[in-house]
Structure formats: structure tokens, C-alpha cells
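Just the heavy atoms: all of them, side chains too, but no hydrogens, waters or symmetry mates, feed the values below. Letters A, B, ... are given to chains in the order of the sequence lines, protein chains preceding strands, and every chain is numbered from 1.
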There are 2 protein chains.
Amino acid sequence: MAVAFEGVLADRSAWILENCSMAMTMDAIGTRSAVTILREALYGTTRFDDFVRRTKTTDAIVSARLKQLTELGLLSRQPYQEPGQRTRYEYVLTDKGRDLLPVLFAMMQFGNKHLQPDGGPLRLVERGTGDPVRIVALSASGKELQLEDIAIEANGTWAPNRP
Amino acid sequence: MAVAFEGVLADRSAWILENCSMAMTMDAIGTRSAVTILREALYGTTRFDDFVRRTKTTDAIVSARLKQLTELGLLSRQPYQEPGQRTRYEYVLTDKGRDLLPVLFAMMQFGNKHLQPDGGPLRLVERGTGDPVRIVALSASGKELQLEDIAIEANGTWAPNRP
DNA sequence: GAGCTGACTTTCGAATCGACAAGCCAGGCC
DNA sequence: GGCCTGGCTTGTCGATTCGAAAGTCAGCTC
């Protein structure tokens with residue numbers, strides 16, 4: 001029915017979560033514009049006006065988000081120069097930003113299934129084979145896990161605090 | 001370096017995404033309070049004041065979000081009655097809400113790795129074995145895929161629109 | 001050097017979110 | 001009946017977001 005808790009966490013009434021990583025991720029990238037810009041970065045977009053066109057928002061929003069995402073270390077700002085143009089900057093995903101792939105594609109998967117009338121416009125497949133791709137919970141032993149198969153344990157020395 | 005596009009999508013300059021599922025998911029649950037409440041629902045919380053205590057927010061916010069998430073079909077509102085109490089309601093995850101597992105745990109995974117100083121308070125493991133669990137992109141053939149191994153194709157009859 | 005263009009930034013309103021406080025309401029208890 | 005409590009709603013306020021429009025600025029073109 002729900003996740004299982006192990007060790008010190010087993011008594012659920014004895015602790016309350018602080019420093020939740022999900023909430024911290026939301027604080028970092030939890031806006032529509034951040035997600036659409038990261039989506040475009042994942043799709044290969046790097047230039048300012050491409051972000052504006054492809055996210056269908058305004059240059060003001062793109063400017064603010066690019067700055068924020070760069071400061072967070074999710075994008076890196078690289079100078080480039082085309083012949084007869086002044087130097088401009090392109091924004092490319094960092095390794096850290098690339099680690100958002102499961103978050104973004106999981107959102108896509110959910111939206112495709114539940115928020116779109118027809119399964120959504122895009123579908124993930126394996127490059128080469130064309131096999132469908134899903135975002136799943138995978139154990140180290142290679143098994144795909146459902147909610148009931150997952151447990152949560154406290155990390156290292158962390159001591160849960162009594163409410 | 002980025003995702004590959006196949007078929008009609010191969011020419012990236014020829015189309016612009018509309019009806020993005022990621023953006024729709026953000027519109028649906030893209031607030032800090034919705035995510036923390038869904039987190040608690042995933043952890044087994046069902047009652048109003050437990051949500052308030054465990055999310056460390058206010059009853060006003062919990063009330064508004066529970067209503068919204070119920071209307072979205074992510075939670076279902078079930079009456080219950082304890083002896084000597086009036087009937088109240090508990091909120092339990094629906095199948096649709098359970099499909100947010102990859103989204104939420106992917107956020108947890110990202111936050112644990114990049115936003116926490118010490119790897120974060122909680123860790124996902126396989127129930128029974130204790131093997132670590134990760135949220136990954138998995139192809140139908142059972143292979144775990146990286147960004148470069150993933151391609152995107154248009155869904156069925158959908159025709160991308162020229163910019 | 002005057003104008004133009006592309007890349008950003010700034011400014012201003014409307015809407016939303018989150019925190020705080022107060023109000024409401026059903027039913028048990030006296 | 002009157003009071004209390006727990007669950008939930010409503011109202012207000014500051015902060016943030018989004019959208020549109022105007023402003024800035026570098027370097028090319030003429």
C-alpha cells in the first residue's frame with residue numbers, strides 16, 4: 001500500500017522529515033519555465049533565442065531562468081562567436097543538469113499517461129532498436145520495483161528527530 | 001550530447017513542441033506543497049492533521065492542496081469514523097497518484113546527490129534484500145539507458161507544426 | 001557615424017503560493 | 001442546551017512567477 005520503513009524509521013510516529021530532498025529539488029527547479037528550459041537543453045537547444053522560441057515564453061523569463069539555472073550549476077555559459085557577429089553565449093547542460101533526466105522524463109511519462117487525451121506528442125525509445133523506454137525504480141540486482149517492493153532507510157549517521 | 005530525434009522530428013528546426021507533458025505535469029503538481037503532500041501520501045500518511053504535522057506547513061495549505069489533488073484524481077477521499085468521533089475523511093493515493101512515484105523519487109535522488117551536503121536523510125532500498133534502488137531510464141529489452149542512448153519519436157498521427 | 005539587429009535586462013500589472021490568523025462547523029461531553 | 005475540540009475554510013499580506021512592453025548595449029552594415 002505504501003513504502004516500508006526500516007531501522008530507526010520503522011516507528012513512523014517517532015520522526016518527521018526535515019531537509020527533504022524532493023522539496024529542495026522543487027525549490028531549485030520547481031517552476032514551469034525552469035522545466036521547459038531544461039527540457040529544451042536536454043533536447044539540444046543552447047542559444048538564447050532558440051530557448052525563447054521553443055519554450056514559447058518571453059525573453060524576460062528565459063533571461064531570468066538561464067541566469068538562475070547557470071548559478072545553480074545546471075547549465076554552463078560558454079562564449080561563442082559566429083563570423084561577422086559579436087561574441088554571444090550558449091548554455092549547455094552540465095553533468096549535474098543531466099542528472100535531472102529521470103525527473104524530467106518521469107514527468108513526461110506521467111503527463112503522457114494521465115494528462116494528455118492521446119498519450120502525448122512525444123515518446124521515448126531506445127536509440128537504434130526503437131524499443132520503448134520507461135522511467136522506473138531499479139534495484140541494484142536489476143529488478144524493476146513497484147511501490148510495495150521499495151523500502152526507505154536512514155542515511156548513515158543521520159538521526160531522525162522526535163516530533 | 002543530447003537526445004536524438006527520429007522520423008518527422010529529425011529536422012529539429014521544422015517543429016516546436018506544443019502540449020508538453022512535462023509542462024502539464026508542472027501545472028498539475030508543480031508546487032512545493034503538492035510535492036510534500038504527495039510524498040507523505042507515498043509514505044503512508046492519510047489524515048489531515050498528519051499531513052499538516054509531517055509537511056510542516058499550515059492547515060490552510062494542506063486543505064487547499066488536498067482538495068486540488070483530490071480533484072485531479074491523485075488522492076481519493078474516503079470517510080472513516082473512530083469510536084466516539086464524528087466521521088472524517090482520509091486521503092489515499094489512487095493508482096494515478098501512485099504513477100507519480102518515478103517523478104517524486106527521481107527528485108529525491110537528484111536532491112540527495114546535488115542539493116544535500118551529506119547525501120540526504122533518506123535512501124531507497126529494495127525491500128527484503130536492502131539493495132540500493134535508483135530511478136533510471138529502462139528500455140523494454142531491460143537495458144539501463146543514458147541520455148545518449150535515448151531517442152524521441154512522434155506519437156502516432158501527431159503532426160508537428162512548423163514554427 | 002548613424003542606423004540596425006540580436007541578445008539581454010528592466011519595469012509594471014495580474015495571478016498564484018505560502019505563512020499567519022481568524023472563523024466555521026459537526027459532534028461528543030457536561 | 002452550552003462548551004469544547006478537531007478538522008477544515010476563508011481572508012489578508014508579502015514574495016514570486018508570468019506576461020507584455022520598453023530600454024540597453026555591442027558590433028555589424030551602410
Without decimals, in angstroms, what is the distance between [X] [atom1] and [N] [atom2]?
X	N	atom1	atom2	value
B:Ile29	C:dC17	CD1	C1'	16 Å
B:Ile61	D:dG7	CD1	P	18 Å
B:Asp50	D:dG6	CG	P	13 Å
B:Tyr89	C:dA26	OH	P	11 Å
A:Leu66	C:dA7	CG	P	12 Å
A:Arg32	C:dA15	CZ	P	17 Å
B:Lys56	C:dG18	NZ	P	17 Å
A:Met26	C:dG18	CE	C1'	13 Å

Could you check whether [X] pairs with [Y] (Lys NZ or Arg NE/NH1/NH2 to Asp/Glu carboxylate O, under 4.0 Å)?
X	Y	result
B:Glu90	B:Arg77	no
B:Lys56	A:Glu18	yes
B:Glu126	A:Lys143	yes
B:Asp99	B:Lys96	no

**Asked** B:Ala64 near the nucleic acid: base, sugar-phosphate alone, or nothing, with a heavy-atom cut-off under 4.0 Å?
**Response** nothing
**Request:** Remember a base hit wins even if backbone is also touched, and classify A:Asp59 as base, sugar-phosphate or nothing at under 4.0 Å, heavy atoms.
**Result:** base
**Request:** Apply ring-ring contact (aromatic ring centres under 6.0 Å, His included) to the pair B:Tyr43 and A:Phe5, showing each step before the final yes or no.
**Result:** CA-CA 8 Å; B:Tyr43 290 177; A:Phe5 289 98; 5.2 Å; yes
**Request:** Under 4.0 Å from any atom of DNA chain C, heavy atoms only: list the residues of residues 34-48 of chain B that qualify, in numerical order.
**Result:** none
**Prompt:** Tell me, do B:Ile152 and A:Arg123 make a side-chain contact under 4.5 Å, heavy atoms counted?
**Reply:** no
Nearest to the side chain of [X], heavy atoms from C-beta on, is which of [options]?
X	options	answer
A:Tyr91	D:dA21, C:dC8, C:dA21	C:dC8
B:Arg65	D:dC18, D:dG19, C:dG18	C:dG18
B:Arg88	C:dA7, C:dC8, D:dG7	D:dG7
B:Ala60	C:dG18, C:dA21, D:dA20	C:dA21

**Message:** Under 4.0 Å from OP1 or OP2 of C:dG18: is there any side-chain N or O of B:Thr57 that close?
**Reply:** no
**Message:** Is the phosphate of D:dT17 approached by A:Thr31 (side-chain N or O, under 4.0 Å from OP1 or OP2)?
**Reply:** no
**Pairs involving residues 95-133 of chain A, ordered by first then second residue, that meet ring-ring contact (aromatic ring centres under 6.0 Å, His included) (sequence neighbours left out)** = A:Phe110-A:His114
